[in-house]
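Working notes for the structure below.
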Amino acid sequence: MKQDLKRTRIAEVLRTGRIGSRYVVMGWVRTRRDSKGGFSFVEVNDGSCLSGLQIIADKGLANYESEVLRLQTGCSIRVDGILAESPGKGQKVELKAEALKVMGWADPDAYPLQKKRHSFEFLRTIAHLRPRTNTFGAVARVRNAMARAIHAFFQERGFIYLHTPIITGSDCEGAGEMFKVTTLELNYAPEKDGAIDFSRDFFGAPANLTVSGQLEAEIYALAMGDVYTFGPTFRAENSNTSRHLAEFWMVEPEMAFCDLDGNIDLAVAFLKQIFASVLTDCGEDMQFFNRFIDSSVIPTLEQLISKDFQVLTYTEGIDILKKAKENFEFPVDWGADLQSEHERYLCEKVVNGPVVLIDYPKEIKAFYMKINPDGRTVRAMDVLVPKIGEIIGGSQREDDYETLLAKIREAGLNPEDYWWYLDLRKYGSAPHSGFGLGFERLIQFVTGLANIRDVIPFPRTPGNLAF
RNA sequence: UCCUCGGUAGCUCAGUCGGUAGAGCGGGUGGCUGUUAACCACUUGGUCGGCGGUUCGAGUCCGUCCCGGGGAGCCA
């Protein structure tokens, strides 16, 4: 065995491999088919691409009878061989093995993955093995390509990548239930006046996992101009749906000297560039999703890249819904938040694509959003997409000190808790805008996977902390 | 958290009116073949989610709990 040769990834063998050259490939066996002509076909996958490499192993190998004929799905092997043109259908090249070494066996009686389709529900119960399947390998590569594309998009535009804290002292970010962080022994927590005494906790105060980096991102936007965060976010909501996770990744750009129009422009350019990158960088994986998961993903993405996004005000959206001949379960009224069925109708029936909804009534949006001159609506924007719903939520931020102070009080919040946030409006305030994008929802949209638990390696949901 | 549908072999599922457990795939053995979701034959394989109840008898009916899917709410 030529131990001096270095391992070559299968993606590279298939892309640049030369017929007649010697390669070393290492990976996991997907299937083995024997020919009684005295040789076997072994399909190997190493995760570098969707395709596997067909190995031709014949009885000339010293361990053909003893090992090759015992190879099963899941075994890891090393193959040293010569790349050859394949006479069979289904692949252009194959590796003629000069040596095949079994690195790790996988008992076929016990190994849960078979060379057939498994349900996503079952694969979730074996999250340590599911990346070895076609679908989850493709998801992992697409997720990686999208993360890289996100950084590329912002870096090209001069945005600073900002690391906002995971642990936060403020429970006033207002975006949902928070996980508590403590080193106190829960059964023996110190008490004072009948309540837990957090002054004796690690931070000397109650601490939580962040639900958003936005408020901190505003700090840096009002110093660096354009910043973005890209990191984990935590919500302790008891949400049991196909589009909610307790731990998910969020992208949050924040731009100084930028109004809502600039915010919309960035969001649209962002989505288009990410979609285009995935189609170029992950062509094979996307073909796979388009064929086996959802036959509309590639046409949809291609359309979005070239098409203008429809921008509607909330008021226009309400008008359209009121005139619609659809029997909605929930009534449509100006001032009420849109239900999922309303959002879906606008995306799927009216526009047939994503919709940017702006200028929502102030009562149904967060206190920090900038009030419009009409006094009733705020400069909010939601980007809604078919099937998934809200994928981006953002706004121009209120930059006027007195107005923000009043709105904090109106919301029943304590201005003292927001002293530094208010300070930003006191010293060198400037118009600024930003949005939050759910990374996993974007991956769902791109891949067509119906359940958000299948686009993150290790999903955290209520009652599920395995792996 | 609410509504709804499910939980039967390693996996995907069928199981009629309450009468004593089935198929395909997978695994094993043999055959055949430059094969590729290979094919053919034989074979292996079960605490019917847990607990309790009704009944001569429960996979099947009732109660309860656990887990999963879909929908809703909260949101990204």
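Excluded from the calculations below are hydrogen atoms, water molecules and symmetry mates; all remaining heavy atoms, backbone and side chain alike, are included. Here is the naming used below: chain letters follow the sequence lines, and residue numbers restart at 1 for every chain.
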Query raised in the report: Is Ser212(A) close to Met250(A) at the side-chain level, that is, under 4.5 Å between some pair of heavy atoms?
Result: yes
Query - Assigned partner base of rU64(B), Watson-Crick or wobble definition, under 3.5 Å - result: rG50(B)
Query raised in the report: Does Lys115(A) make a side-chain N or O approach to OP1 or OP2 of rC25(B) shorter than 4.0 Å?
Result: no
Report task. Identify, between Gly463(A) and Glu85(A), the residue whose nearest nucleotide on RNA chain B lies closer to the 5' end. Result -> Glu85(A)
Requested in this report: Among rG68(B), rG73(B), rG34(B), find the nucleotide with the atom closest to the side chain of Gln339(A).
Outcome: rG73(B)
Query raised in the report: Has Arg33(A) got a side-chain N or O lying under 4.0 Å from the OP1 or OP2 atom of rA37(B)?
Result: no
Query raised in the report: Picking from rA76(B), rG71(B), rG68(B), which would you name as closest to the side chain of Ile452(A)?
Result: rA76(B)
Query raised in the report: Does Ile293(A) reach the side chain of Val297(A), with side-chain heavy atoms less than 4.5 Å apart?
Result: no
Requested in this report: Assign Gly88(A) to base, sugar-phosphate, or nothing according to its heavy-atom contacts below 4.0 angstrom with the strands shown.
Outcome: base
Query raised in the report: With respect to Val311(A), which candidate in Asp359(A), Leu357(A), Ile358(A), Val268(A) satisfies the side-chain contact (heavy atoms from CB on, under 4.5 Å) definition?
Result: Ile358(A)
Query raised in the report: OP1, OP2 of rU35(B) versus side-chain N and O of Gln54(A): anything below 4.0 Å?
Result: no
Query raised in the report: At under 4.0 Å, does any side-chain N or O of Arg243(A) touch on OP1 or OP2 of rA72(B)?
Result: yes
Query - Side-chain donor/acceptor of His244(A) to base of rC75(B), under 3.5 Å - result: yes
Query raised in the report: rG57(B) and rG45(B): how far apart are their C1' atoms, nearest whole angstrom?
Result: 27 Å
Query raised in the report: Does NZ or CZ of Lys365(A) come closer than 6.0 Å to the centre of the six-membered ring of Tyr360(A), within 45° of the ring's axis?
Result: yes
Query raised in the report: Expressed as a whole number of Å, how far does the C1' atom of rA37(B) sit from that of rA76(B)?
Result: 38 Å
Query raised in the report: With respect to the phosphate group of rU35(B), does any side-chain polar atom (N or O) of Arg30(A) fall under 4.0 Å of OP1 or OP2?
Result: no
Query raised in the report: If you measure from the ring centre of Phe39(A) to the centre of the six-membered ring in the base of rG34(B), is it under 5.5 Å, with the planes under 30° apart?
Result: no
Requested in this report: Would you mind reading off the distance between Glu390(A) atom CD and rG73(B) atom P, rounded to a whole angstrom?
Outcome: 12 Å
Query - Atom-pair distance (CZ on Phe288(A); P on rA37(B)), nearest Å - result: 14 Å
Query raised in the report: Under 4.0 angstrom, heavy atoms only, what part of the nucleic acid is Phe122(A) near: base, sugar-phosphate, or nothing?
Result: sugar-phosphate
Report task. Go ahead and name the base partner of rC11(B); Watson-Crick or wobble counts if both distances stay under 3.5 Å, otherwise write none. Result -> rG24(B)
Query raised in the report: Looking at Phe439(A), is Arg441(A) sitting on its ring face, NZ or CZ under 6.0 Å from the six-membered ring centre and within 45 degrees of the normal?
Result: no
Query raised in the report: How far does the C1' atom of rC39(B) sit from the matching atom of rG26(B), given to the nearest Å?
Result: 16 Å
Query raised in the report: Closest to the Leu245(A) side chain: rA72(B), rU35(B), rA76(B)?
Result: rA76(B)
Query raised in the report: Distance between the C1' atoms of rG49(B) and rC5(B), in whole angstroms?
Result: 16 Å
Query raised in the report: Quantified in whole Å, what is the C1' atom distance between nucleotide rC62(B) and nucleotide rA41(B)?
Result: 47 Å
Query raised in the report: Should Ser242(A) be listed as having a side-chain N or O under 4.0 Å from OP1 or OP2 of rG71(B)?
Result: yes
Query raised in the report: Can you find a donor-acceptor N/O pair under 3.5 angstrom joining the side chain of Ser239(A) to the base of rC74(B)?
Result: yes
Query raised in the report: Hey, is the side chain of Thr241(A) poking within less than 4.0 Å of OP1 or OP2 on rA72(B), counting only N and O atoms?
Result: no
Query raised in the report: Just how far, in rounded Å, is C1' of rA76(B) from CZ of Phe445(A)?
Result: 15 Å
Report task. Please examine the side chains of Tyr220(A) and Asp226(A), heavy atoms only from C-beta on, and report whether any two atoms are closer than 4.5 Å. Result -> no
Report task. Compare side-chain N and O positions of Gln72(A) against OP1 and OP2 of rG27(B) and report whether any pair is under 4.0 Å apart. Result -> yes
Query raised in the report: CD of Glu247(A) versus P of rA76(B): gap in Å, rounded?
Result: 17 Å
Report summary line: Among the nucleotides rA72(B), rG27(B), rA76(B), whichever has the atom closest to the side chain of Ser340(A) is rA72(B)
Query raised in the report: At under 4.0 Å between heavy atoms, what does Phe439(A) touch on the DNA or RNA strands: base, sugar-phosphate, or nothing?
Result: nothing
Report task. Could you check Leu338(A) against Thr461(A) and say which one's nearest nucleotide on RNA chain B is further toward the 5' end? Result -> Thr461(A)
Query raised in the report: What interatomic distance, in whole Å, is found between P of rG53(B) and the corresponding atom of rG59(B)?
Result: 15 Å
Query raised in the report: Which value, in whole Å, describes the distance between the C1' atoms of nucleotides rA9(B) and rC25(B)?
Result: 12 Å
Query raised in the report: To the side chain of Asn451(A), which of rG73(B), rG70(B), rG34(B) is closest?
Result: rG70(B)
Requested in this report: Measure the distance from CE on Met381(A) to C1' on rA76(B) and round it to the nearest whole Å.
Outcome: 13 Å
**Report entry** Arg441(A), nearest nucleotide to its side chain (from rG68(B), rG27(B), rC75(B))
**Finding:** rC75(B)
**Report entry** From Arg243(A), Arg143(A), Arg453(A), residue fulfilling salt bridge (charged side-chain N to carboxylate O under 4.0 Å, His left out) relative to Glu440(A)
**Finding:** Arg143(A)
Query raised in the report: How is Ile56(A) classified with respect to the nucleic acid when contacts are heavy atoms under 4.0 Å: base, sugar-phosphate, or nothing?
Result: base
Query raised in the report: Closer than 4.0 Å, any side-chain N/O of Arg453(A) to the OP1 or OP2 of rG69(B)?
Result: yes
Query raised in the report: How would you label the contact of Pro87(A) with the nucleic acid (heavy atoms, under 4.0 Å): base, sugar-phosphate, or nothing?
Result: base
Report summary line: Arg32(A) atom CZ is separated from rG26(B) atom C1', nearest whole Å, by 14 Å
**Report entry** Sugar-phosphate only, base, or nothing, as touched by Asn238(A) at under 4.0 Å among non-hydrogen atoms
**Finding:** base
Query - Pair partner, rG57(B) [Watson-Crick or wobble, under 3.5 Å] - result: none
Query raised in the report: Do the side-chain N or O atoms of Ser119(A) get closer than 4.0 angstrom to the phosphate oxygens (OP1, OP2) of rU12(B)?
Result: yes
Query raised in the report: Side-chain contact, heavy-atom cut-off 4.5 Å: Ile452(A) with Pro459(A)?
Result: no
Query - Carboxylate-amine/guanidinium proximity below 4.0 Å for Lys349(A) and Glu326(A) - result: yes
Query - Residue Arg344(A), side-chain atoms from C-beta onward, closest of rA72(B), rA76(B), rA38(B) - result: rA72(B)
Query raised in the report: Roughly how far apart, to the nearest Å, are rC13(B) and rC32(B) at atom P?
Result: 37 Å
Query raised in the report: Do Gln287(A) and Glu284(A) touch side chain to side chain, with heavy atoms closer than 4.5 Å?
Result: no
Query raised in the report: If we call it a pair only when both distances are under 3.5 Å in a Watson-Crick or G-U wobble match, what pairs with rA41(B)?
Result: rU29(B)
Requested in this report: Rounded off to whole Å, could you give me the CD-to-P distance for the Glu121(A) and rG68(B) pair?
Outcome: 11 Å
**Report entry** Under-3.5 Å donor-acceptor pair between Glu237(A) side chain and rG73(B) base
**Finding:** no
**Report entry** OP1 or OP2 of rA72(B) under 4.0 Å from side-chain N/O of Asn240(A)
**Finding:** no
Query raised in the report: Which of these nucleotides, rG27(B), rA38(B), rG34(B), is closest to any side-chain atom of Ser35(A)?
Result: rG34(B)
